[in-house]
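Hydrogens, waters and symmetry mates are skipped; everything else that's a heavy atom, side chains included, is used. Just follow the structure's listing: the first ligand is 1, and inside any ligand the first atom is 1.
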Amino acid sequence: MAPSASTKKKRAIFIGIGVTLMLVVIIVPISIELSQEKNEPRSTINNRIECFPFKNMTSDTCTKAGCLWEVVSGQPSCFLPDTSVYGYEVNGPVTNIPNNKGFSVDLRRRRSADGTPLFSLYGNDVDEITFEVNYHTDNSLGMAFYPKGANRDQLRPPVAITVPSATITNQRYEAKLVNTGIGEPFNFQIIRKSSGVVIFDTSMGGLTVSKQFLMISTTLPSEYLYGFGENTHDTFLHDMNYRMWPIFTRDISPIDEDVNLYGAHPFYMVCENDGSSHGVFFYNSHSIDVTTMPNPGITLRTIGGMLEFFVFLGPEPESVVKQYSDVIGRTFMPPYFALGFQLSRWGYKNTGEIQQVIDRTRAVQIPHDIQYADIDYMDGRRDFTIDPVNFGDLPALVDEVKKGGLRFVIILDPAIANDYETYERGVALSVYAEWANETLKPDDQPTENNIIIGNVWPDNKTAFPDFFRDSTKQWWTEEIRLFYERLKFDALWIDMNEVANFDTNQYSDKLYCPPNQWDDPPYETMAAHTGPTNRLSDKTICMVAKFGEKNDERLNYEVHNLYGYSQSIVTQEAARQVLTGKRSMILSRSTFAGSGKYTGHWLGDNFSNWKNMADSIIGMMEFNMFGMPYIGADICGFVLNTTEELCERWMEIGAFYPFSRNHNVKDAIDQDPGVWPDTVAASGRKALNIRYRLLPYLYTLFYDSHTTGSTVVRPLYHEFSQDRKARSIDKQFMWGPALLISPVLQEGKVSVDVYIPVDVWYDYYTGIRVTVLGSTTLSAPRDHINLHLRGGYILPAQKPDLNTMLSRQNNFELLVPLNDQNSASGKMFWDDGESVNTIEDGLYQINKFELSNNVLTITVEKESASSWPGIVQKLDTIEFMGWPSPPLKITVQSNVAEDIIIIDSDKYFYVAESKRLTLLYEFDMNQSYTVKFE
Ligand SMILES: *[C@@H]1O[C@H](CO)[C@@H](O)[C@H](O)[C@H]1NC(C)=O
Ligand SMILES: *[C@@H]1O[C@H](CO)[C@@H](O)[C@H](O)[C@H]1NC(C)=O
Ligand SMILES: *[C@@H]1O[C@H](CO)[C@@H](O)[C@H](O)[C@H]1NC(C)=O
Ligand SMILES: *[C@@H]1O[C@H](CO)[C@@H](O)[C@H](O)[C@H]1NC(C)=O
Ligand SMILES: *[C@@H]1O[C@H](CO)[C@@H](O)[C@H](O)[C@H]1NC(C)=O
Ligand SMILES: *[C@@H]1O[C@H](CO)[C@@H](O)[C@H](O)[C@H]1NC(C)=O
């Protein structure tokens, strides 16, 4: 059901004298019809666009500024008048782009009878602009508002995207300029032709284009709104009651729900009432604020660049994400070992402690693929150094553990201490971010050069590499190569790349950004408003830092959100060069739209508490929507001491994070599973063995994601978008279409309230078909995480082991839960797990599985000997669930042999109570087979 307005939390982000504290809920959701009516003047409640979000307005100051003042509980008091007064109007004919590829039209600001523009909110509005709509494909289009005659490339973020292009043959949308007469208010709609639903609609007004303040509002066709990150969301489905979220990368823990976190993903999705979905990408890298409205609608505000959007019409939720990935790029293919379980902490005192953790993990038989070292291993916390006293023997340990198949990952921070050779080599190549303007350089900065100096983890001051420069790429790659000669890491973890700087404004007044139009824009932004000292530069470097090559310089103001993104590109390329031919894995804290091509992400410095564990599902589902499926939270929590029960439950859910790592803060108690052998380790081992068994399925989901853009972790909404209840489920999640995961998220509970959509489902453990669908409660003892397989899908599996080097040598299995037609299908992707570009070079195998009419076919659809570096492996177990009655005879025929083999009746077992059929027979993975059941 749609959440009712009365259950939503109120946020006092608008400040009107007299209403601030008394936000009584009186809002009745307005019916959908209203939002679809054309040319309706906007209602005075539930879709108010606030004029000055962070200012204390009074009736007097508000009306003097040109806005309307009316105090209504739960609504902004000072809000914009409608399009008859504010915004833009048509100022020329509509010009069609040839081949039915769209249109453009000139607009100018609304003006009074004497021809002078009416009023401006923050000044310097652009009087004449062009609005252009580009039909990219039948299912996607772009639109942009830009100053007439402007060079659009200079207004775009330096982020490579691919504009999709195809002949328009069966256009699924109508893009409609509602008024075309000169002087009529601008009003634009996008309509889904199949249903007539208006998915984008600017009739409520508010359009603003100025150099430092841009705003647009749209009505939404339903209140099922998802996406926009990176924020801490306590619900997957957004609260539509005038909530505001900032999008601006910052080094911050999730103290409050309404603050900006590490990444910037200006993308949303809406599920329309009939279950069709669409998505919208706001292609802008400045600080952005998103405000929801109950009517329902949203307002987007930003402080630079262009209002430019890509719209995707799906209509299936998965199609929307795929269409978005066509533009921003598809995820990197992780190496197989990166799907294994990983252990880390900040605060290992020496190599011996790392060895102890490895031993303790092995002693409790927990699978372990990657061990990390955080900044502790460095000498004085300087990148590319090793503490000679406590970690001098780390390279030897790395060499030793790698023999058994364990991999090693080290952390790198971008900030470089200004007291050693790495820094000096960078100065020589001119790799560091500099002050854009000498007059804005604070006194305490060095006088000999223009490099921005700050303060991060190293004891001495630091400089910040500018990853937009080619010289930086050369230097960074070389430093990584030099370090690899000392320590044979397998992948790189890049942290603190928002970019974090401790000193700015907060801890000392020395590195204080002098007031200027970039550090203090006319529209404050919520990121600044909620920062420790109310400035954009809080915890980072000044907005007047400059980045980029000499001929293409950008202010930090424009590209701040791209620091981690630019570092990820350069680091991935460096790792590929250094680890010749080996696929690496990069893990970045700060990300932007498109980062998934280069890096994975963890959800940051979460707390060890039950709420943060529950919220991790939301973060994980959102990052899959953002094209970054390699995602997970720190298992057992980062900040604070975990508890045994929390850690046990977190190991269970964490076994189903695509990125599965237990990581901990300095000075907290140890939380690796070996600390609690009988509880955390026992339950963790049980869950991780299931993960390892299902890794071939997970790996195949990553292959699909890499090649088609589909998600790996999926909300129920994506598979059951017609089911209104499923649209709001955020305490359960799926792996692809076939596995439902329902963890316990509350302390002291040994049962779990779940929602099981109408379909065929089987309990993973017993193979018994689920009889109670819908909302129900399942038993969940401390060592049990509820898992259900969906009928109709075949999942490839493999016997688990203590790491993936070992498990990859084991025999394969198939899990075959039947649907009501007694059929099922699936596939498996397999390659050597670690070479680069196996997919691009065709060095992989695809096996297809299909069950129907009592015949199972196993087909080698694409063969590759390089997938089997040792001997060709076997598939030796097939588990069917929901098999109607015991077979009398099973025969097998291979594509390379004439004979039909009758399988001995002691090679299969049927359990009538659970309707489970187990077939034990050795199939070669490089042969095709037909298996008949009679
Ligand atoms: C706005 O009003 C609130 C409450 O009256 C007050 O605490 C706050 O300091 C005011 N802010 C500004 C910027 O004047
Ligand atoms: C900081 O840099 C100075 C100058 O290079 C050096 O003498 C000093 O040892 C450094 N301090 C630390 C703590 O490394
Ligand atoms: C540098 O900043 C000063 C002070 O804000 C300003 O007056 C001047 O125009 C700026 N110079 C450049 C080249 O941007
Ligand atoms: C903590 O968890 C929430 C929910 O997954 C997520 O949104 C956030 O990114 C995580 N990290 C931090 C620092 O909040
Ligand atoms: C964590 O536990 C340790 C050991 O009991 C204790 O010294 C420390 O203060 C605790 N930390 C917090 C944040 O509670
Ligand atoms: C399967 O692999 C084995 C060993 O590499 C090889 O001898 C055999 O010809 C392959 N069979 C098929 C059908 O490709």
### Task
Flag Asn641 as yes when one of its N or O atoms lies below 3.5 Å from any N or O atom of ligand 5, and as no otherwise.
yes
## Note on the structure
The residue among Phe829, Phe337, Tyr692 that forms ring pair (Phe, Tyr, Trp, His ring centres under 6.0 Å) with Tyr699 is Phe829
### Summary
Which of Trp457, Tyr372, Tyr377 passes ring pair (Phe, Tyr, Trp, His ring centres under 6.0 Å) with Trp346? It is Trp457
### Salt-bridge present (Asp466, Arg469; N to O < 4.0 Å)
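Salt bridge flag = yes for Arg469 with Asp466.
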#### Entry: Contact residues of ligand 6 (heavy atom under 4.0 Å), by chain and number
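Those residues closer than 4.0 Å to ligand 6 by some heavy atom are Glu863, Val872, Val896, Asn926, Gln927.
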### Task
May I ask you to decide if the ring planes of Phe812 and Trp868 are parallel, tilted or perpendicular, using 30° and 60° as cut-offs?
perpendicular
### Task
Taking the six-membered ring of Trp493 (Phe, Tyr or Trp), confirm whether the NZ or CZ of Arg589 is under 6.0 Å from its centre and within 45° of its axis.
no
### Task
Give yes or no for whether the N/O distance cutoff of 3.5 Å, strictly under, is met between Asp459 and ligand 2.
no
### Task
Check each atom of ligand 2 against the heavy atoms of Asn460 and keep those under 4.0 Å away; list them by number with element.
1 (C), 2 (O), 3 (C), 8 (C), 10 (C), 11 (N), 12 (C), 14 (O)
### Query
Any non-hydrogen atom of Arg382 lying under 4.0 Å from ligand 2?
yes
### Partners passing side-chain contact (heavy atoms from CB on, under 4.5 Å) against Pro458 (at least two apart in sequence or in another chain)
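Checked Pro458 against side-chain contact (heavy atoms from CB on, under 4.5 Å); matches are Ala417, Val456, Thr462.
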### Query
Can you check whether Asn501's main-chain N or O pairs, donor with acceptor, with Asn455's side chain at less than 3.5 Å?
no
### Query
Please walk me through it: do Glu648 and Ser683 pass side chain to side chain donor-acceptor pair (under 3.5 Å)?
CA-CA 6 Å; Glu648 184 173 14; Ser683 301; 2.6 Å; yes
